[in-house]
Structure formats: structure tokens, C-alpha cells
**Q** 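Quick one: the structure is below, questions incoming.
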Amino acid sequence: MMQMNMVQAINDALRLEMRRDDRVIVLGEDVGKVGGVFRVTQGLWDEFGDERVIDTPLSEGGIVGTAIGMALFGLVPIPEIQFADFIYPAYDQIVSELAKLRWRSGGEYPAKMVVRAPVGGGIRGGLYHSQSPESLFIHVAGLKVVCPSNPHDAKGLLLASIRDPDPVLFFEPKRVYRAAKGDVPDGDYTVPLGKASMVREGKHVTVLAWGAMLYEAVAAAEEALKQGIECEILDLRTLWPVDVEAIVASVEKTGRLVVVHEAPKTCGFGAELIALVNEKAFLRLEAPPVRVCGFDTPFPYALEMDYLPLAGRILPAIVETASF
Amino acid sequence: MYMPFMLLVQPPEHTAHHGALPDSLALALYRAMVLARAADHGSTRRTEAAVLGSAAAMKETDWVFPASYALGASLWPWKPARVISVSLLAGRHIAHAVGMAWAARLRKADGVALVFFDAKTTSSGDFHTALNFAGVTRAPVIAMCIVPSGESATARQTASDGVAVKALAYGIRGVRVDASDVFAVLGVVSEARACAAEGKGATLVEAVLPEDGEDDPVEKLRRHLESRSLWSAEREAGLTADVRSEVERTRDDPSGIAGDADGAPKTNAGHEATRGGFFDEVYAELPWHLREQRERSSAR
């Protein structure tokens, strides 16, 4: 067991799996000698060399497109996209090719890989270094989407993702890359995909969150407790396929739901989560489900703390839901 | 026009070495081209020499990334290079071929990738991105661009003098070849394959199709076989009958395509679709939401 931050935990997972499985390679812009824009791949180039930790030309479509070919060859590529905001040139390759290869070849040519990308705001990144595009990928058949909130889960989920037979989008909340610290077991372990984590038990309101916003939900829940409201918080961890059983079980207990995410509200993942709860637990609801999200605007630079769904915006939503 | 990487290939009657091509190879190429034409769905017509001449240059360790019109590559009977599932989106698959070839190079494995596309695809960013990666990584890949003849065919897509010249900017070899001439294609692609296998990187081949009514590739090869006394009206009649029955048999039972050990897709039109089968193979295992949707669909 070691104290690590999220960057160290992800690095540890990559190193462990690259030692364990010779097929695993890392590629992307400046992932090699430089160690990545956030230093997540630091030291890997020194240990594994430039045939397994590969600096590529600046082209996200080329990185993912060639990674698909590498996967067809039998390697397990882990492309890094420097910021999720830059992933759109690769969106076509991910959506049209990667997500559909298994299906269109009747299972003959699956292409397994983990596409890693930092997501989210709160680091003064401005509109092109702050976005959270998870719902654009959740909407696409054939992809899995993961977003850890802490070092323990980041390592275990990444190891599970690399070993998963399907393509995984692994979104890393950069606001807590170094701020989130915790005990990380030495050596090999996995956190299973598709399982949420119960962060806090409570009987009044269910709060769903993931990534960096989990900490805001916890802070809001602490304040709500001072008013006698006990929140139950689920860290979804795997966004798709989501742990619908855990969500429904919690809402059946509390009858009240608040969903928190950084991405814009309209057609964000919160909309799907609330639809699922309506389908499966409608008669147990005591109040209309509420979303606390980013706004339907581009991500602002100077006023990013007004844009993010921080504890100060989550708390009133919890209180209103609890007292409905 | 300055074209330092251009290699002009003469038609077979002007090149000495074609006379030395074994009879069996010449006859096999002819049979494969006639078969490809018989299986033709329109867009493959007159690409037979470009597609099968290329396929014949490949080895068992190689991979072929077809375009929809280049499915004939999977009909090449003896050297079943592995044929990868077709993407109908123009140009996305060029990067896949480059990536696969790059992986082979990194792992010091035998294997060269051959990828087909058309002149229109050269306008796309996917073409540029993939060939740029091919140049930078020295991936053993052959990018085969099949181009209609005449300036007007490419004028809407590019202001350059054809396609092969673009190779110069990517630091790879560029070759233009007459796509009516299967021996010329075979020669060019064999050389490109040898370069790739020797670590000399990629080649962009511009295979220029004959114009309507001129130099049909199948007829041209038949005339050549006749000139070598390898062909006759009787053999032509026999082949026509063979090919017709093979096409009919394949249409009825696509799993029986000859020489497809690793190449032919397992899922073929012609089989009855299993109700609800489209839920399978989205993921390796059916996740809860698809299980639920399947149960509530008409496939229940």
C-alpha cells in the first residue's frame, strides 16, 4: 500500500500492465521522452523504449486510426489524447470504425484498446482544455466509458479496462490529477467495470456523481447533513454500461435523486440517468429528479467556477429535493 | 513536371521479363480476373488487373484492406493474404493498414499491408493523415490508388499531376502504373512489397484505369495468353462455364469460397438473418441494457 495521487496511480497501472503483457503499448503526442502533457506516462519511455512508448505526429485521427490497425495486428494499444477537447478529429475513427469493428465483422475482428484522455475544468484551461464529452461516446454502441475519481479506482479501473475485450474511453478528471491522494495497493488488482461505488450511505437523497465533481457532491452532502439531510452518494466510476442496479436500489431507498455532472445539461448523461430511474423506479420517487450540471454554453475561462456544478450549487438542489 | 520518384512501367509486350512469367501464374491471373468480373457488382469493372495483380504480389503473412470495389482481392486463389473487413467509408481504413504494418515493423514480424482506395479519397484528411504516418513510421504498407483515366477524372480532386507525385511530400515512394496491364501491376506491387519488407517503407501506387473501349484488362490478358499459345476458344468456353457455376455456388453458399483460409469474412449475405442477431457482437458480452432491449424487441 502506498500513498499516491491519480497521476502516479495511472502511471503505476500502465507500468504494471506493460511489464505483465508485452502486447501493451502507449502512443500519443509527447507521451515518450516528455512523459505526456500531465506527466502520466513519465518514466515509461526509459523503461520500455520507443517501440512501446511512442511519440506520434500531431493527429488524433491518425493516432486512433493507426492504433486500430495495431490492435488488428494483435497489440493492445493505449492511445493518449492530450485533452478530451482534442478528441474530435479522432471521433470519426472511434465512432465509425473502432466501435463497430467487432459488430461489422461478426466478431472476427475486434479491436480492443483503451483511449485515455484528461477531462473536465477547474484548471484555468479555458474552452478548449476543460470539456467533458462523455455523453457523446456513451451514445455510441460498442464503446465503454470510464471515469475514476480517486487513485485506487484509477489504477484498478485502468487495469480492468486494458484487459477488457471491448474498446474503452478512459476519462481522467484532470482537476484532481494531483489533488486526489489516497492509498493504492501495490501490485496487481482490478476494479470491475460496470460497478458503482457507494461513497456515503444516507436515507434522504441519492446523489450520483463521478470524476472531479464527486468531491463537490461530498462537500455538499456534509453541509446538507448540518440541516439534517442524509445523502447517499454513488460514484458511478463506469459511466457505460452504468451500474443501473445500484442506482435503482438507492433511489428505491431514498425516493429522491440529484445528478451532478460538468458537461452541459442538455442531453448530458444526467438525462439518461434520470430516464432510467423514471423507467425503473418511477413509483418510488417522492420528488422530481434534479440535474446540477454545466450550462449549455461553451466552457468559460475567467468564470469557470461559475460554470462548474460546485458544492454551492449542489447544496440548494439537495435541500429543495429533500423538502419537496 | 518534376517527378523524381516516378517509375514508368511499360506494357508487357515491351518488357522482356514478362515473357518469363510462368505459364501457370499467367493462367491463374486470367482465371481470377474472369471470376472477379463475373462476380462484379458494377464498380469493380475494369479494376481486375489493378486488384488481382496487386493481390498476386502479396504473401500469406500479408494483409489486404479492400475498398468495396476491391473485393476481388479475396478471390486470389493461392496466396490468401488476410483480408480485413471492409469499411464503406472512404479512406478511414488507410490508417488501419498503416497501423497494422507499423505494428509488424515494431515487432519485426513478416507482413506487408496492401490498402485499396480511389482517387476521390485522396481529397480526404484521412488520406493525408495515414500517408503522413506511413512516412514517419516507415511502415511496410502499399497504398494502391485506383484512378480513372483522363485528366478530368482527378481534376476535381487535386491540382497535382495525378496521385503518385503526392508521395514525394510524404517521403515515400510513388509509382504510376497502367491498370489495364496485370503484369505491370504485379511488377510494380512486387517491387513495392520487396521495398517494404526490406525496411524501405511505403509506396503509393497510382493505378490508372483504361478509358472506355480501350485496353480492357481482361481482354488484354487474353490476347497475351493467345499470343503465347496458352489460350483457345475451347478453353475460354470451359472457363466461362466453370466461372458461372462457381459464382452461382458461392452465391448460394458463401462459406465455400475457395482459398479463403484466413481471408473470407464469416458473415455473408445469403444466409438467413437470425432474429435479434444484431444485438450480438456489439460488445464481447451482452451488457444489461442490450439484454433488456433484446428481450423487449420482436426477437423475444
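Only heavy atoms go into these numbers, but all of them, side chains included; no hydrogens, no water, no symmetry mates. The sequence lines fix the lettering, A, B, ..., with proteins before strands; numbering per chain opens at 1. Quick caveat: nothing in here was measured; it's all calculated off a predicted structure.
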**Q** Taking side chain as everything from C-beta outward and backbone as N, CA, C, O, which of these in B:Asp126 sits under 4.5 Å from a heavy atom of chain A? Side chain, backbone, both or neither.
**A** side chain
**Q** Which atoms of B:Val282 are under 4.5 Å from chain A, going by heavy atoms: the side chain, the backbone, both sets, or neither?
**A** both
**Q** Which one wins on heavy-atom pair count under 4.5 Å against chain B: A:Asp92, A:Leu72, A:Thr56?
**A** A:Asp92
**Q** State whether the number of non-hydrogen atoms from other residues, nucleotides or ligands found under 6.0 Å of A:Glu47 atom CD is greater than 12.
**A** yes
**Q** Look at B:His128, B:Arg105, B:Arg92 and state which one has the largest set of heavy-atom pairs under 4.5 Å with chain A.
**A** B:Arg92
**Q** Does atom OH of A:Tyr128 have more than 12 heavy-atom neighbours from other groups under 6.0 Å away?
**A** no
**Q** Report yes if the side chains of A:Leu75 and B:Arg107 come closer than 4.5 Å at any heavy-atom pair, otherwise no.
**A** yes
**Q** Please classify the contact of A:Leu58 with chain B as side chain, backbone, both or neither, using a heavy-atom distance under 4.5 Å.
**A** neither
**Q** Which heavy atom of A:Tyr109 sits nearest a heavy atom of B:Val83, and at what distance?
**A** OH-O, 3.0 Å
**Q** If you count heavy-atom pairs within less than 4.5 Å of chain B, which of A:Gly142, A:Pro241, A:Gly62 leads?
**A** A:Gly142
**Q** Counting only heavy atoms from other residues, nucleotides and ligands, does the tally under 6.0 Å from NZ of A:Lys280 exceed 12?
**A** yes
**Q** Please tell me whether A:Phe73 and B:Trp102 form a close aromatic pair, meaning their ring centres lie under 6.0 Å apart.
**A** no
**Q** Nearest 0.5 Å, what's the CG-CZ distance between B:Asp280 and A:Arg102?
**A** 11.0 Å
**Q** For A:Ala67, is it the side chain, the backbone, both, or neither that has a heavy atom closer than 4.5 Å to a heavy atom of chain B?
**A** neither
**Q** Heavy-atom distances under 4.5 Å only: say whether B:Ala130 touches chain A with side chain, backbone, both or neither.
**A** neither
**Q** Considering all heavy atoms of both residues, which atom of A:Gly61 and which atom of B:Thr129 are nearest to each other, and what is their separation?
**A** C-CG2, 4.4 Å
**Q** Search all heavy atoms of A:Ala141 against all heavy atoms of B:Tyr283 and return the closest pair with its distance.
**A** C-OH, 4.3 Å
**Q** Please classify the contact between B:Ala113 and chain A as side chain, backbone, both or neither, with a heavy-atom cut-off of under 4.5 Å.
**A** neither
**Q** Testing the basics here: between B:Leu89 and A:Ser96, what is the closest heavy-atom pair and its distance to 0.1 Å?
**A** CD1-CB, 3.4 Å
**Q** Go through the atoms of A:Gln93 and report whether side chain, backbone, both or neither lie under 4.5 Å from a heavy atom of chain B.
**A** side chain
**Q** Given the rule in the side chain to side chain contact (heavy atoms under 4.5 Å, CB included) test, do A:Met70 and B:Leu106 qualify, once you have shown the distances and angles that lead to the verdict?
**A** CA-CA 10 Å; A:Met70 291 174 145; B:Leu106 289 172; 3.7 Å; yes
**Q** Counting only heavy atoms closer than 4.5 Å, note whether A:Val242 contacts chain B via side chain, backbone, both or neither.
**A** both
**Q** Any chance you could lay out the salt bridge (charged side-chain N to carboxylate O under 4.0 Å, His left out) test for B:Lys108 and A:Glu51, step after step, and finish with the verdict?
**A** CA-CA 11 Å; B:Lys108 296 169 181 62; A:Glu51 296 198 339; 3.4 Å; yes
**Q** Could you check which of A:Leu101, A:Ile54, A:Leu143 has the highest count of heavy-atom pairs closer than 4.5 Å to chain B?
**A** A:Leu143
**Q** Please classify the contact between A:Asp164 and chain B as side chain, backbone, both or neither, with a heavy-atom cut-off of under 4.5 Å.
**A** neither
**Q** How many angstroms lie between OG1 in A:Thr66 and NE2 in B:His96, if you round to the nearest 0.5 Å?
**A** 9.0 Å
**Q** How about A:Lys253: does its NZ atom have over 12 heavy atoms from other parts shown lying under 6.0 Å from it?
**A** yes
**Q** A:Pro110 versus chain B, heavy atoms under 4.5 Å apart: side chain, backbone, both or neither?
**A** neither
**Q** Does a side chain donor of either A:Glu97 or B:His93 reach within less than 3.5 Å of an acceptor in the other side chain?
**A** no
**Q** Anything under 30° is parallel, anything over 60° is perpendicular, the rest tilted; go ahead and classify B:His289 against A:Trp240.
**A** perpendicular
